> 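The structure follows.
First the proteins, then the strands, lettered A, B, ... as listed; each starts at 1. Side chains are part of it too, since the values below use all heavy atoms of this structure and drop only hydrogens, waters and symmetry mates. None of the values given here were measured: they were computed from a predicted structure.
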Amino acid sequence: MIAEVIVDVAAYPIDRPFDYAVPIDWEHVMEPGLRVKVPFGPRKVAGYVTGIKEESELDHNKIKPIAEIIDLEPVLSAELLALSKWMATETIAYEIDALQVMLPAAMRAKYEKIMTVIKPEELDDAFRSFLGNRQQVTLKALQDANLLNEVKKYNKLGIVEIDTAIQQKTKMKKVRMIHVPDAKQLETALEEAHPNAKKQQELLRWLLLHPTESIEASKILDESGVTATVLKSLVDKEIVEQSQVEVYRELESPKMQDSGKPEQLTDEQQVALSAIEQSSNKNIQETFLLHGITGSGKTEVYLQAIDHVLKQGKEAIVLVPEIALTPQMTARFKGRFGELVAVLHSGLSAGEKYDEWRRIHRGEVKVAIGARSAVFAPFSNLGLLILDEEHETTYKQEESPRYHARDVAIWRANYYQCPVILGSATPSLESYARASKGVYSLLTLSKRAKNQALPSVEVVDMREELKAGNRSMFSLALAEGIRERLVRKEQIVLLLNKRGFSSFVLCRDCGTVVECPNCDISLTYHRASESLKCHYCGHEERVPSECPECTSEHIRFFGTGTQKAQEELYKLVPEARVIRMDIDTTNTKGAHERLLYDFGEGKADILLGTQMIAKGLDFPRITLVGVLAADTSLHLADFRAAEKTFQLLTQVSGRAGRDQLPGEVVIQTYDPEHYAIELSKTQNYVPFYEMEMDRRRQLGYPPYYYVTVVQFSHEDVLKAADYAHKGTEFIAERLSQGSVIIGPTAAAISRLNNRYRYQSLIKYKHEPALIPVLQQLLKHYKTSWAKDGLVMSINREPTSIF
DNA sequence: AGCACGCCGACT
DNA sequence: GTCGGCGTGCTC
């Protein structure tokens with residue numbers, strides 16, 4: 001028997017199955033989807049069995065046997081193996097990367113070189129004294145002790161051996177259990193106990209008082225007050241037995257709870273739910289676009305649709321943007337489905353994620369909620385997949401494999417012939433266009449569930465404010481609104497639209513902006529450390545006291561960060577309690593949730609933050625939302641700038657007035673006539689969609705064309721440009737008539753980490769040659785260009801074209 | 001990717 | 001003479 005194995009080596013010539021012989025004893029357990037350890041050249045690596053066959057086309061003497069089987073059960077089903085293959089092809093990634101991304105990080109192999117002593121008598125004294133009585137030492141430890149050269153010498157002479165140990169990163173958590181086989185034996189033991197063994201007697205009495213068949217050892221020690229030695233002596237005397245039992249790590253239960261009862265649906269919600277249920281009953285793949293304004297109760301539709309498929313004995317996956325994965329959201333699902341829900345969020349440790357994965361794999365839960373990667377939840381009978389806030393760009397992974405969770409969800413739904421729900425108040429143009437063409441089925445929720453009015457939106461022209469002598473960050477209208485809310489003890493959300501715009505240091509005499517020495521990017525000012533940082537490469541330097549160009553002292557930071565906004569806010573309303581949420585205040589584990597929780601509990605009046613606050617907040621006392629600079633995201637060199645701005649403004653406006661109290665929104669801008677801002681006033685998606693589609697058609701951008709970006713980077717600017725031209729020409733010569741190639745041009749960030757970057761944009765409506773051509777290009781690159789220091793990357797349907 | 005093999009410069 | 005630098009080539 002031959003197993004086809006994809007080995008854990010991400011390199012071009014290795015990206016295919018390798019044949020290995022299956023030892024006869026393992027033939028009956030060998031299955032695709034198992035992880036194995038195999039010899040590969042001079043070393044040993046981990047790999048995945050992707051296929052089984054009787055014969056190999058290769059010479060018998062070339063085939064090596066599998067060294068070890070890692071799993072008892074396959075970790076990847078036939079479905080997921082097929083998915084990985086599809087994903088690798090579509091996104092032009094290594095198959096090994098596509099396989100690895102589907103499993104929790106804890107299951108990725110860890111390699112460690114270990115030295116074993118064979119002939120201890122031939123070691124020199126210094127080496128021997130370092131080893132002590134150890135037979136095996138990691139090479140890492142030997143390197144730290146500066147003994148690497150000796151090890152190499154001994155290895156050549158056969159005095160020591162070096163091999164690679166392959167381990168899983170995180171293990172299953174185990175606890176020690178104590179079993180009482182027979183209570184009578186305890187009594188006998190107590191009678192026969194040595195009179196000096198006071199503690200043992202005490203423990204026996206405790207055990208008799210707490211009759212049980214098995215109990216955690218730690219619990220006995222805690223509650224009986226005896227020490228571990230005492231327990232051990234009972235184990236040694238075989239009065240009790242002990243064993244290691246695998247357990248799941250305990251997860252913190254959410255603080256907020258949901259009633260757990262289905263809510264009464266509005267007519268619109270009912271129509272949507274019925275359509276989904278019917279589709280589900282028919283066992284066909286259908287993708288629904290659930291377009292519901294903020295507060296229209298999309299989540300309730302999800303919950304009841306999930307309930308429907310659970311009753312059919314099927315499973316469901318719910319994807320949400322990481323930032324929306326708040327306790328508030330997850331508590332609602334846990335309240336409804338209780339123990340059947342696994343929540344996969346970034347706050348979990350690697351071990352906890354692994355546990356949740358196993359609970360899904362074993363079929364102990366039926367619903368998985370999580371960010372992007374939860375789309376790979378190892379269910380085997382899926383009945384529904386949901387992407388909430390489907391327009392979010394976080395659904396696209398921006399490193400290899402560059403998959404989009406929406407595409408993966410639809411692929412899986414096709415496999416199981418079940419529905420997909422894409423939900424959003426502001427769908428991506430791609431999805432809405434597909435819904436308009438009938439590829440997706442459109443479901444609309446146009447009214448708020450609790451019949452609240454939409455918030456009133458006021459757009460303030462900041463140029464007028466400036467003319468009127470108001471030089472602060474807050475317009476008169478917003479300042480007034482803030483003061484009113486403080487008096488009425490209502491809450492305020494202030495959004496600082498920082499995308500593509502942060503505080504930088506500028507010389508007021510010569511106009512020089514301090515830039516990163518490695519990247520063509522201005523450095524960002526950080527107040528806490530009084531330093532300038534590059535957000536791309538991590539370079540950090542002190543704030544200069546004079547201009548590096550003209551030595552003027554008139555150099556100071558410019559732009560608007562959240563810290564500066566907080567200071568200005570303090571000047572405006574010193575009595576207000578403010579919670580600031582940005583990268584600086586949310587970088588510790590759980591900080592994001594804690595800040596939101598505090599705000600929900602009313603511990604602050606104002607929540608000030610970046611885009612991360614635009615989603616998922618559902619607090620009844622928020623009645624005012626202020627957007628401090630709405631147009632900063634409009635000036636990005638990106639065809640999606642208007643779409644992103646409209647989405648952000650609509651999402652954040654939806655935070656106001658979600659309960660009984662009416663909401664108000666103030667949008668500050670220097671560009672009030674822009675259609676993305678103008679139309680967000682009425683929060684009316686369809687007119688915006690039509691306007692933006694018009695523009696996309698004129699400019700030939702998605703969704704009218706598909707886009708693929710090929711990027712070339714090199715330390716030498718001339719070589720970067722040269723290869724970019726060669727590569728672009730290569731593609732252009734091979735594409736069909738209808739496709740357009742733009743470039744090469746310097747990337748928006750033309751130098752990053754000391755590498756010069758060029759890119760070309762391929763636009764196409766239908767291009768069957770695309771994948772083959774890109775694969776050919778990749779072959780050229782890997783076989784010759786890469787050796788010359790070129791780095792090339794291919795990104796299909798990028799979320800932005802930087 | 002990583003590891004071995006192999007062929008040329010500066011050291012005990 | 002040998003240690004060790006990194007070019008080249010292969011991995012079932």
> List the residues meeting side-chain contact (heavy atoms from CB on, under 4.5 Å) with A/A67, not counting sequence neighbours, and say none if there are none.
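For A/A67, the residues satisfying side-chain contact (heavy atoms from CB on, under 4.5 Å) (neighbours in sequence not counted) are A/P39, A/K44.
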
> Can you give the first and last nucleotides of DNA chain B, 5' to 3', that have an atom under 4.0 Å from a heavy atom of chain A?
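Boundary nucleotides touching chain A, in 5' to 3' order, are B/dA1 to B/dA4.
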
> Holding to side chain to side chain donor-acceptor pair (under 3.5 Å), I want the full list of residues that pass it with A/Y154, two or more places apart in sequence or in another chain.
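So A/Y154 forms a side chain to side chain donor-acceptor pair (under 3.5 Å) with A/D124.
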
> Just jot down the side chain to side chain donor-acceptor pair (under 3.5 Å) partners of A/Q100, sequence neighbours excluded, or say none.
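In terms of side chain to side chain donor-acceptor pair (under 3.5 Å), with neighbours along the sequence ignored, A/Q100 is linked to A/D8, A/Y48.
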
> Under a 4.5 Å cut-off applied to non-hydrogen side-chain atoms, are A/R128 and A/P120 in contact?
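Counting from C-beta outward, A/R128 and A/P120 never come under 4.5 Å.
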
> Apply salt bridge (charged side-chain N to carboxylate O under 4.0 Å, His left out) to A/D97 and list each qualifying residue two or more places apart in sequence or on a separate chain.
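Testing A/D97 for salt bridge (charged side-chain N to carboxylate O under 4.0 Å, His left out), a comparison that skips the adjacent residues, returns none.
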
> If a protein heavy atom is under 4.0 Å from the base, mark B; if only from the sugar-phosphate, S; if neither, -; do that for nucleotides 1-12 of chain C going 5' to 3'.
---S------BB

> So, using side chain to side chain donor-acceptor pair (under 3.5 Å) as the criterion, who are the partners of A/R358 when residues are at least two apart?
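Checked A/R358 against side chain to side chain donor-acceptor pair (under 3.5 Å); matches are A/E246, A/D355.
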
> Test of understanding: with side-chain contact (heavy atoms from CB on, under 4.5 Å), list the residues that count as partners of A/Y706, not counting sequence neighbours.
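side-chain contact (heavy atoms from CB on, under 4.5 Å) list for A/Y706, sorted by chain: A/R434, A/Y764, A/E797.
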
> Taking only residues two or more places apart in sequence, or in another chain, which ones meet A/Y705 in a side-chain contact (heavy atoms from CB on, under 4.5 Å)?
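Counting only residues at least two positions away or on another chain, A/Y705 forms a side-chain contact (heavy atoms from CB on, under 4.5 Å) with A/K763, A/K765.
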
> By nearest heavy atom, map A/K782 and A/N155 onto DNA chain B; which one lands nearer the 5' end?
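Going by which nucleotide is closer to the 5' end, it is A/K782.
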
